[in-house]
Amino acid sequence: MAKSTIIINKLDNVAVALCDLKKGEEHEGVVLAEDITKGHKFALRDIKKGEEIIKYGSDIAYATADIPKGSHVHTHNVHTNLSENLEYTYNKVECPVKKAVPRKINVYKRADGNVGIRNELWIIPTVGCVNGQAKLIADTFKEQYGTEGFDGVHVFTHPYGCSQLGDDHERTKLILQKMVRHPNAGGVLVIGLGCENNQMSPFKEGLGKIDESRIKFLVCQDESDEIAAGVKLVKEIADVIKNDRRSEADMSCLKVGLKCGGSDGLSGITANPLVGLFSDYIVACGGTTVLTEVPEMFGAEQKLMNRAKDEATFKKVVKLINDFKDYFRKNGQVVYENPSPGNKAGGITTLEDKSLGCTQKSGSSAVQDVVFDDGYVTAKGLNLLNGPGNDMVAVTNLGAAGCHLVLFTTGRGTPFGGFVPTLKIATNNELAARKANWIDFNAGAVLETGFDAQLEKLIDLVTETVNGKPAKNEINNTRELAIFKTGVTL
């Protein structure tokens with residue numbers, strides 16, 4: 001019989017409903033004082049006004065009223081403990097060094113030493129004005145020549161590249177340059193207009209040394225027929241990359257992004273801990289994982305800081321957190337304006353509640369490095385990456401930092417995918433069954449079979465995806481690009 005409730009940590013004074021519970025039922029030795037919706041919490045004992053609410057063995061809020069045993073514990077009777085300014089200290093935690101046997105995988109080995117898990121041809125506009133031309137070039141090429149011998153032609157449109165100033169302009173240029181060099185692309189056509197801020201000449205210079213048979217450039221205002229010119233260039237690239245072949249490697253070469261979106265009360269119980277175990281596995285294999293969503297570290301940041309490999313890395317984590325808080329305040333926003341309405345409906349009460357569940361995707365490995373906006377992931381092991389919680393921006397950032405694919409946990413469901421394969425991992429059985437066209441993996445099954453069995457299945461799925469099995473977002477052709485915007489538009 002499946003469990004109906006769970007106490008996550010022995011220190012907790014709340015339990016979580018794993019299915020809808022009715023008033024008067026007895027669970028965890030407590031008679032429920034009211035109905036409790038799946039994913040939501042109820043008090044295991046009488047909790048006095050002002051007393052801490054404990055979940056995951058940590059404070060997630062304080063009670064704003066007396067909460068009788070068996071009562072619903074949520075936004076109506078608790079409040080966050082978080083404040084704007086915190087003092088951080090480095091209390092190093094020794095993280096276990098695990099052993100694992102890496103799976104064999106088949107990848108595309110690139111000339112620069114990187115590997116790709118896809119051999120796609122990408123068309124990347126430097127400016128939103130030519131989005132339509134980029135799509136026409138791709139459609140015309142596919143009609144005339146098809147895509148046999150490589151993994152398809154994909155256009156990544158966006159509304160930026162002109163009328164941007166300062167950091168905004170530089171961020172747009174840098175994200176697009178990183179995409180051009182991403183190893184999942186066997187070749188790239190970069191297409192510009194000609195009069196935009198994001199001029200082609202400095203854009204090309206910023207790329208450094210490139211293989212000109214695989215990366216080509218088109219300025220539409222310089223061509224009488226930019227569609228024909230673009231198709232010709234795409235054909236030249238395709239004739240090169242269709243000769244690429246996969247070769248054997250092991251998982252130590254992988255860089256895997258870790259992301260959650262549309263979280264619910266089961267995210268920190270099923271999918272996120274499972275992904276954390278997968279992260280530990282990849283790290284033990286000598287590979288790399290990357291956790292982002294900085295605002296969803298608030299409330300759990302000290303735990304991450306204590307896992308920093310040394311004091312220098314700890315200071316980087318502090319900078320990561322404080323810089324993002326400064327960004328909120330600079331724009332006159334409350335630092336702890338989270339969780340979202342969907343999160344709350346799913347049972348997440350405060351940002352501490354959300355963050356303690358969210359950061360479980362990082363497993364138990366030591367934090368090896370922190371990557372800021374202008375960097376790539378270079379350190380093996382677990383890395384933290386600067387960026388917001390927004391799904392599209394976060395996955396774009398993960399791909400631009402060098403991740404080959406992203407594991408994306410969700411309790412509410414989303415069809416979104418990034419420019420790298422984005423595997424959707426459901427937190428519960430109902431979502432996995434209802435949205436099978438979105439969901440790649442059901443982590444809700446851990447409640448019936450345990451984590452070990454599902455971890456093996458998840459490793460199987462990632463291996464298959466790396467070897468070429470399309471993720472649901474690839475099947476549905478939901479491949480989105482979103483660039484973090486913080487500045488002035490002219």
Side-chain angles (χ1 to χ4, degrees), residues 100-122 146-154 179 181-188 214 238 240-259 274-275 277-290 377 380 395 398-399 401-409 417-426 432 436-443 445 453-479:
V101 178
R103 298 282 187 92
K104 293 298 182 182
I105 54 177
N106 294 296
V107 298
Y108 295 96
K109 295 181 179 178
R110 304 303 185 189
D112 62 1
N114 287 309
V115 304
I117 67 169
R118 296 290 182 268
N119 192 39
E120 298 173 339
L121 197 161
W122 293 353
T147 59
E148 186 176 354
F150 60 100
D151 294 331
V153 178
H154 304 292
M179 287 182 66
R181 300 191 67 90
H182 197 284
N184 282 6
V188 179
R214 292 175 179 268
V240 173
I241 71 171
K242 68 183 181 183
N243 297 312
D244 294 347
R245 297 291 181 270
R246 290 181 182 270
S247 58
E248 190 174 81
D250 65 47
M251 283 188 160
S252 63
C253 66
L254 287 184
K255 298 176 182 177
V256 181
L258 312 173
K259 173 74 178 83
L274 179 63
V275 169
L277 291 172
F278 178 85
S279 176
D280 288 343
Y281 167 77
I282 289 291
V283 170
C285 290
T288 304
T289 59
V290 188
V377 175
K380 293 283 190 178
V395 173
L398 287 166
C403 292
H404 297 104
L405 75 161
V406 173
L407 302 186
F408 189 115
T409 67
F419 69 86
V420 297
T422 310
L423 291 171
K424 299 294 173 42
I425 301 174
N437 59 322
W438 294 355
I439 300 299
D440 297 273
F441 190 89
N442 176 26
Q454 296 307 315
L455 175 59
E456 285 300 310
K457 291 183 179 181
L458 181 57
I459 295 169
D460 289 342
L461 175 61
V462 171
T463 302
E464 293 166 358
T465 303
V466 168
N467 288 343
K469 178 183 178 180
K472 293 291 176 66
N473 80 287
E474 295 178 294
I475 293 171
N476 298 329
N477 199 29
T478 50
R479 306 164 187 264

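Here the side chain of T422 pairs no donor or acceptor atom with the backbone of V406 at under 3.5 angstrom. Side-chain N or O atoms of R245 include one that pairs as donor or acceptor with a backbone N or O of K242 at under 3.5 Å. No donor-acceptor pair closer than 3.5 Å links the side chain of N184 to the backbone N or O of G116. When atom types are taken as modelled, the side chain of K457 and the backbone of A443 share no donor-acceptor pair closer than 3.5 angstrom. Judged purely by atom type and a 3.5 angstrom limit, K109 uses its side chain to pair as donor or acceptor with the backbone of E248. Remark: side-chain polar atoms of E456 are not paired, donor with acceptor, to backbone N or O of A453 under 3.5 angstrom. For the pair N473 (side chain) and T478 (backbone), a donor-acceptor distance under 3.5 Å is present.
The CZ atom of F278 sits 8.0 Å away from atom CG of L455, with the distance rounded to the nearest 0.5 Å. Atom CG of L274 and atom CD1 of I425 lie 6.5 Å apart (nearest 0.5 Å). The CG atom of N114 sits 5.5 Å away from atom NZ of K255, with the distance rounded to the nearest 0.5 Å. Of the inter-residue distances, the one linking N467 atom CG with K104 atom NZ reads 12.0 Å to the nearest 0.5 angstrom. Between the NZ atom in K259 and the CG atom in L407 there is a gap of 12.5 Å [rounded to 0.5 Å]. In this structure, CZ in F150 is found 10.5 Å from CG in D244, a value given to the nearest 0.5 Å.
In summary, the side chains of R110 and N119 do present a donor paired with an acceptor at a separation below 3.5 Å, with no hydrogens or angles considered.
The nearest pair of heavy atoms linking D250 to P102 is CB-CB, 3.9 Å. When all heavy atoms are compared, the tightest approach of Y108 to I117 is CD1-C, 4.3 Å. Nearest heavy-atom pair, L461 versus D440, reported as atom, atom and distance to 0.1 Å: CD2-O, 3.7 Å. Minimum heavy-atom separation, C403 to V420: O-CG1, 3.6 Å. Contact detail for A426 and I439: the closest heavy-atom pair is CB-CG2, 3.7 Å. Considering every non-hydrogen atom in both R246 and D151, the closest pair reads NH2-OD2, 4.5 Å.
F441 is listed as a side-chain neighbour of L458, based on a closest heavy-atom distance under 4.5 Å. Side-chain contact between M251 and T463 is present, with heavy atoms from C-beta onward closer than 4.5 Å.
No option in P183, C253, P421 other than P183 meets the side-chain contact (heavy atoms from CB on, under 4.5 Å) test with H404.
Not counting sequence neighbours, the partners of H182 by the ring-ring contact (aromatic ring centres under 6.0 Å, His included) test are W122, F419.
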For residues 281-290, dump all side-chain donor-acceptor pairs below 3.5 Å to protein atoms at least two apart in sequence or in another chain.
residue, atom, partner, partner atom, Å
Y281, OH, V101, O, 3.0
Y281, OH, R103, N, 3.3
T289, OG1, S279, OG, 2.8

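A cation-pi arrangement is found for K424 relative to F408, the charged atom lying closer than 6.0 Å to the ring centre and inside a 45° cone about the ring normal.
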Check against side-chain contact (heavy atoms from CB on, under 4.5 Å), H154 and R118: CA-CA 12 Å; H154 304 292; R118 296 290 182 268; over 6 Å; no

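The number of heavy-atom neighbours closer than 6.0 Å to NZ of K380, taken from other residues, nucleotides and ligands shown, is above 12.
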